[in-house]
Amino acid sequence: MSLLPTRRRAAAAVLTTALLVPLAACGNDDSGTDKAKDSGSSVTPSDAASGAPEADLTVLAASSLTDVFKEAGAAYEKENPGTKVTFSFAGSQELAAQVKQGAPADALVTADTKTMDGLSGETGTPTVIAKNRLVIAVGEGNPEKAENLKDLSDTKLKVVLAAPEVPVGRYSQQILDAQKIAVKPVSQEPNVRAVLSKVELGEADAGLVYKTDAETAPDKVDAIDIPDAENAVASYPAATLKGSKHSEAAAAFVAWLSTPAAQKILQSAGFQQP
């Protein structure tokens, strides 16, 4: 019997094995690379749009964001099934007090950078997501014929402002002082929505509010624009809270606020680009 065919078959088997080993090794390298790519934990606006960890989030937000954030929250939940966003709205100074007292929440959005900066030990790095400007809110039809900031100094006019510790109250005093206009308000309110409500109900003739707030009540108030040179720009920073039990989901929501989808909602409501 000849041994040649047997030897040939053995050699072929060795060659086949030698060819398969590198192919298998290449397959393992690709798998390891994919895993490495998936291990990143940073959250960017583009990542946020592709899905976020499921969680029940509580977001503390400035009163002036009440209407637009309800719409934004619904859009976010639709994009991220399994995630629920609950908002708690109040004046920024009230929100800051809640954070300092350890209120259970995951993210914070204020109407000014000063309030946010005062909480640097409690938050992640903030990102400005929108800007706003002030207007003079008057009753529908402007019955008292107010036309500009100087008219607010008329003692016959019932003017209401936000309290000075509230961002919109601070902005209001800033622009009045810059124009050397003295105003004696009939009341100082805890947030911008309270100022708007006073004008809506006819309890005040005029008040300084954000442009976006006046636009929520077009059938009840008129808005008188304030020239840019006499106005103030309000910045809205958003940040995660270090006490959050859902830090990754909170970071995804904060990142989403800078995405085109969220910015479209904010700008449709009258907010300016950050």
Side-chain angles (χ1 to χ4, degrees), residues 60-75 87-95 109-112 130-176 179 181 183-228 230-236 264-272:
L60 306 179
S63 295
S64 50
L65 294 166
T66 299
D67 295 272
V68 69
F69 261 21
K70 288 178 181 178
E71 181 181 351
F87 296 104
S88 177
F89 298 104
S92 296
Q93 81 290 350
E94 294 180 45
L95 300 177
V109 188
T110 61
D112 67 333
K131 293 186 177 182
N132 214 340
R133 289 182 180 273
L134 274 64
V135 297
I136 303 170
V138 296
E140 186 181 15
N142 192 9
E144 299 302 322
K145 307 303 178 186
E147 296 181 357
N148 50 48
L149 287 174
K150 290 183 179 180
D151 289 342
L152 300 184
S153 63
D154 188 342
T155 55
K156 296 180 181 178
L157 204 65
K158 291 186 293 183
V159 178
V160 61
L161 301 175
E165 62 269 18
V166 184
V168 69
R170 189 162 56 250
Y171 293 133
S172 297
Q173 198 58 55
Q174 174 186 325
I175 64 177
L176 290 171
Q179 300 302 313
I181 299 171
V183 175
K184 294 183 178 180
V186 294
S187 69
Q188 293 182 314
E189 303 300 320
N191 58 65
V192 68
R193 284 305 172 96
V195 175
L196 183 67
S197 179
K198 290 280 187 179
V199 178
E200 285 183 283
L201 296 173
E203 297 176 10
D205 299 318
L208 288 174
V209 302
Y210 296 120
K211 177 182 179 181
T212 54
D213 288 284
E215 291 182 359
T216 66
D219 297 331
K220 296 181 179 179
V221 303
D222 289 347
I224 299 172
D225 289 332
I226 300 171
D228 287 350
E230 300 175 9
N231 214 328
V233 178
S235 294
Y236 289 72
K264 182 178 180 180
I265 294 171
L266 286 162
Q267 290 164 32
S268 293
F271 288 88
Q272 299 175 1

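Along the sequence shown, the residues carry numbers beginning at 1.
For the atom pair Leu208 CG and Leu196 CG, the distance stands at 12.0 Å (nearest 0.5 Å). Note that CG of Asp67 is 5.0 Å distant from OG1 of Thr216, once rounded to the nearest 0.5 Å. Once rounded to the nearest 0.5 Å, the distance linking CD of Gln93 with CD of Glu165 reads 6.0 Å. If you take OG on Ser153 and CG on Leu176, they are separated by 9.5 Å, rounding to the nearest 0.5 Å. To the nearest 0.5 Å, the span separating CG on Asp205 from CG on Asp151 amounts to 11.5 Å. Separating the CD1 atom in Ile226 from the CG atom in Asn231 is a distance of 4.5 Å, to the nearest 0.5 Å.
The shortest distance between side-chain heavy atoms of Lys131 and Ser235 falls below 4.5 Å. Counting only heavy atoms from C-beta outward, the side chains of Pro167 and Thr110 never approach each other to under 4.5 Å.
Of all non-hydrogen atoms in Ala146 and Ile224, the two that sit nearest each other are O-CD1, 2.9 Å. Shortest non-hydrogen contact noted between Val135 and Ala214 is CG2-CB, 3.9 Å. Taking each heavy atom of Ala130 and Leu266 in turn, the nearest pair found is CB-CD1, 4.4 Å. In this structure, Leu95 and Ser88 approach most closely via the heavy-atom pair CD2-O, 3.8 Å. Summarising the geometry of Ala269 relative to Val68, their closest heavy-atom pair is CB-CG2, 3.7 Å, with the distance given to 0.1 Å. Val195 and Glu189 make their closest contact through CG2-CB, 3.8 Å (heavy atoms, listed as atom of the first residue, atom of the second, distance).
Applying the salt bridge (charged side-chain N to carboxylate O under 4.0 Å, His left out) test to every pair with at least one member in residues 206-216, sequence neighbours left out, gives these pairs: Arg193-Asp213.
In this structure, Arg133 pairs ionically with Asp228, as a charged nitrogen and a carboxylate oxygen lie closer than 4.0 Å.
Between the side chain of Ser63 and the backbone N or O of Ala90, at least one donor-acceptor pair lies under 3.5 Å. Glu94 places no side-chain N or O within 3.5 Å of a backbone atom of Val166 that could act as its donor or acceptor partner.
Using a 30° and 60° split on the angle between ring planes, Phe69 and Phe87 fall in the tilted class, from 30° to 60°. Phe271 and Tyr236 have perpendicular rings, their planes meeting at more than 60° on a 0 to 90° scale where under 30° would count as parallel.
Scanning for side-chain hydrogen bond (donor to acceptor under 3.5 Å, both in side chains) contacts around Asn142 gives an empty result, with sequence neighbours left out. In this structure Glu203 satisfies the salt bridge (charged side-chain N to carboxylate O under 4.0 Å, His left out) test together with Lys198, sequence neighbours excluded.
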Checking Ser92 against Asp112 for the side-chain contact (heavy atoms from CB on, under 4.5 Å) test, could you report, in this order, the C-alpha distance in whole Å, the side-chain angles of both residues, the deciding distance, and whether it holds?
CA-CA 8 Å; Ser92 296; Asp112 67 333; 4.1 Å; yes
